[in-house]
Structure formats: structure tokens, C-alpha cells
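Every number for a ligand or one of its atoms is a count from 1 in the order of the listing.
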Amino acid sequence: MLAEKKITVGITGGIAVFKTVQLVSNLKADGAVVNVVMTRSAQEFVKPLTFQVLSGSPVYTELFDPMAGAVQHIELATRPELIVIAPATANVLGKVANGIADDLLTTVIMAATCPVLFCPAMNVNMYNNVVVQRNIAILGKRGFEFVEPGIGRLACGVEGRGRMADLDLIKNKIRNLLHPRQDMEGLTVLVTAGPTVEPIDPIRYITNRSTGKMGYGVASEATLRGAKTVLISGPTILEPPRGVELIKVETATQMYEAVMARFAGVDIVVKTAAVADYRPLQFSNQKIKKQDGSLSLVLTRNPDILAELGRKKEQQILVGFAAETSNLEGYAQQKVKEKNLDLLVANDITQIGAGFGSDTNVVRFVYPDGTVKQMPLMDKTVLASRILDEALALRRKQK
Ligand code: C5P
């Protein structure tokens, strides 16, 4: 799979280094030519010898190594096709984001001409620290790649986001970066994502728990696979994937207008957005003051964007999402037909590992002919890729 691919693995000082031992072994087994660079703190956790044996090459640790060639860091930076930093500590992210190159690894990254992939791993509070998040955002904007850490029990005993991502996810990303599948070249994909926000007055609004993760995952995968991608998104804290055209909206009505304006030239639509079904009938220009007794809010229906696309569709493949808490299959079967969809991705958000905010999802693919495919628990980026595979297969069938 990775035959003869030249990969440099940079290791910084975090306990997740025990997973990197397996990663290096797997990359080697897949045929890659692996060189390892370790920082001083990384060597506190695992000896270079471990990686020397697994990679079959000497491990590089010193910027000023009297035995090495004069410009070793330049060689190490320009030789590989990919540099993977796993685990990446807050320290290395901070240094690279701010232009510091004070050891071999950061100097190699500074001189790199190939993609650099960071796999951060650290304590949840460190990860959530605004400075770390700012550094990640800076690096993302400058073209560095990331595999986000997962949520779970951390070495320090607390639960939270900070575990180095599963090796399968890291390997998937490595494969994508080294062998980008270009099977969506020439296609335009429209993705909607996130919640909508329906204002009540200048201060309050109605919204839902959607984070936009699923849709941003689909947009990112489609772009990586060569599609021109338009992402119409409600408010989220996510960084837009590189290369997508982002259209920001707030209300369902704005999303309706943005989608309708772009629909004609599109080949595939993936509607992951959790669009509010209702909005307040009247928007109060002034803050609504509290009063004795109860307050009634009259809601009116929002347009069903997807149903409207179903009526208008010509060549487009329409993929809808449905989040349900009961009778998943019954509602899904009904919706796929009523909305004239080609595929409905149904998820029961009461299941563990499914739904809003989580990194994973458990879904069923429901087709208009009544066929149902149960998918296993999957990371949202892997699921995004499966949905696009399915949309492409449906397009081929249609022709
Ligand atoms: O009917 P329900 O809201 O469960 O359907 C979900 C699907 O329909 C999602 O793909 C969602 O983006 C879309 N939808 C829409 N406009 C609405 C409500 C839902 O496009 N007003």
C-alpha cells in the first residue's frame, strides 16, 4: 500500500509514544521507507533503539551531530514525501506555529517541502487552552495537516479530548495524503452543515445541538478527492476545510436561499445540516421583557429545503440525513420517498457513539427501493468517505 513511500516520523515527548511504536511498525509492514526523528523529551519515554530496530534505519536526534553530513536537517526535510509528527505535544505545535526551530525536529519541519501531518496528544486542559487552539488554527491556515485527538480516558486519569487518534485514522490520513483518490474530479458537491439559528429577539434564539462535524467531514473528503465543494454552513466553531467554498448562514431561510442559488450546477448534494423546522413567527426588535405568568411563542414552519430540492432535482444525486430518537427505520423509509432522495443516512442519536458532537456515528443507509444497509460504528471522516462512495455509485447507476 505504501510501497517505497518515504515517510519521516517525528516523535515528541508524550506518553502516546507507545502507540507510535506500533505506527512505525505498521508503516514499515506496509512497505514505507521510514526515518525517525526524536526530540530529547521523546527519548525520556522510549529509547531510540526501539525505533531503530522497527524502522530499520538510524534514528536522528541531534541538530549538531559530528558524525552526520553537514546539512543533515535539510536532507531529512527534503527527502521524505510526508512528515508525520506523532505524538505532537503542545510544545512542538507552539514552536512551529511561531517559527521556532531550536532542535533537529523543528528545524526539519521548518525546512520541509512535503506535507506535514500533526497528531496531537496531550492533557484535555492543555488541548483546550486558547493558546494551543490558536496555534493549531495558525498551523491549519498555513497548510499543515491534522488528525484530531480522540475523546476518552487520558493517561493523567481524566476523561476528555486529548488521546492521540486511533492508528487506523492516522493511517487513513497518511494514505489520503500520499495517494489522494481523485475520483471526484470535475464534480461539484454541495454540502450543508451545522445547525440553523432562528432569532426570537436581539438576544435570544432557537437552535439545536448540531456541531457541523459530519458535514465538514464530507466537505473535506470531497475536496481531497478532487471535487469542487460548496459548504453552506450554519454557525459552528469548526475551521472550514481547506479548498472549500464556504458560505456562512444563520437561519433556515438564509440556508434555503443559498442552497437554491447554487443547486443548478451541482452534481451531488449532501444535506447534513440540522435545519430548524420552525422559527418564531415574529422577531421582536426589542428584548422581550419578563412578565408575570407564562409567555407563548408562536412558531411558523421553515421551508423544507431538501424536499424542495427533491421536487426540483434533475441529474443531481440527493443525500439526506435524518436524526431520530425513535422508529428510525419507519421514519427513514418514509422520508427517503417523500423527499425524493437517492439516499438517506439515518442515525439513531440515542445510540452510544452516534449523533451530535461525537467523533463517530452509527448509521443506516436507506434507499428509495426500501433497501437498508446497516453501517458499523465509524469515525465521521471514514463515514464521510463511504457516503461519497455511495453517491458516486448511485451516479454511475443513473447514467
Ligand atoms: O425531516 P427531517 O428534518 O428529519 O429531514 C432531515 C433532512 O432534511 C436533513 O438532510 C436536513 O438537512 C433536511 N432538512 C431540510 N430543511 C428542513 C428540514 C430538514 O433541508 N427545513
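- Residues Tyr216 and Thr272 have side chains that never bring a donor and an acceptor to within less than 3.5 angstrom of each other.
- Considering backbone and side-chain N/O atoms, Ile305 comes within less than 3.5 Å of an N/O atom of ligand 1.
- For atom 9 (C) of ligand 1, the nearest non-hydrogen atom of the protein is Phe321 O, 2.9 Å.
- Here the heavy atom of the protein found nearest to atom 5 (O) of ligand 1 is Lys339 NZ, 3.0 Å.
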I would like to know whether Glu245 and Arg262 meet salt bridge (Lys or Arg N to Asp or Glu O under 4.0 Å); could you show each step before the answer?
CA-CA 12 Å; Glu245 179 189 344; Arg262 302 305 295 259; 2.6 Å; yes
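- In terms of polar-atom proximity, Gly320 is not counted as a contact of ligand 1, lacking any N or O under 3.5 Å from an N or O of the ligand.
- Here Leu309 has no heavy atoms under 4.0 Å from ligand 1, in either its backbone or its side chain.
- Under 3.5 Å, the side chains of Gln334 and Glu338 contain a donor-acceptor pair of N or O atoms.
- Comment: Asp304 engages Lys339 in a salt bridge, judged by a side-chain N to carboxylate O separation of less than 4.0 angstrom.
- Within 6.0 Å of the CZ atom in Arg40, the count of heavy atoms belonging to other residues, nucleotides or ligands does not exceed 12.
- For atom 4 (O) of ligand 1, the closest non-hydrogen atom of the protein is Lys335 NZ, 2.3 Å.
- Side-chain contact of Asn208 with Ser210: a donor-acceptor pair under 3.5 Å is absent, judged by distance alone.
- Checked by atom type, the side-chain pair Asn91/Thr89 shows no donor-acceptor distance below 3.5 Å.
- Of the options Leu344, Val269, Asp277, the smallest heavy-atom separation from atom 3 (O) of ligand 1 is shown by Asp277.
- A salt bridge between Arg175 and Asp30 is present, with a side-chain N of the basic residue lying under 4.0 Å from a carboxylate O of the acidic one.
- Backbone and side-chain nitrogen or oxygen atoms of Leu306 are examined, and one is located within less than 3.5 angstrom of a nitrogen or oxygen of ligand 1.
- Between Val275 and ligand 1, no pair of N/O atoms sits closer than 3.5 Å.
- Side chain to side chain, Thr196 and Glu198 meet the donor-acceptor criterion of an N or O pair below 3.5 Å.
- For a threshold of 3.5 Å applied to N or O pairs, the pair formed by Glu324 and ligand 1 contains no separation below that value.
- Contacts of Pro303 with ligand 1, taken as heavy-atom pairs under 4.0 Å, involve the backbone alone.
- For Asn302, no nitrogen or oxygen atom sits less than 3.5 Å from a nitrogen or oxygen atom of ligand 1, counting backbone and side chain alike.
- Contact analysis leaves Ala252 out of contact with ligand 1, as no non-hydrogen atom separation drops below 4.0 angstrom.
- No hydrogens or angles considered: a donor-acceptor pair under 3.5 Å links the side chains of Arg181 and Ser385.
- Of all protein heavy atoms, the one closest to atom 12 (O) of ligand 1 is Ala273 O, 2.7 Å.
- In this structure, the protein non-hydrogen atom closest to atom 10 (O) of ligand 1 is Lys271 O, 2.6 Å.
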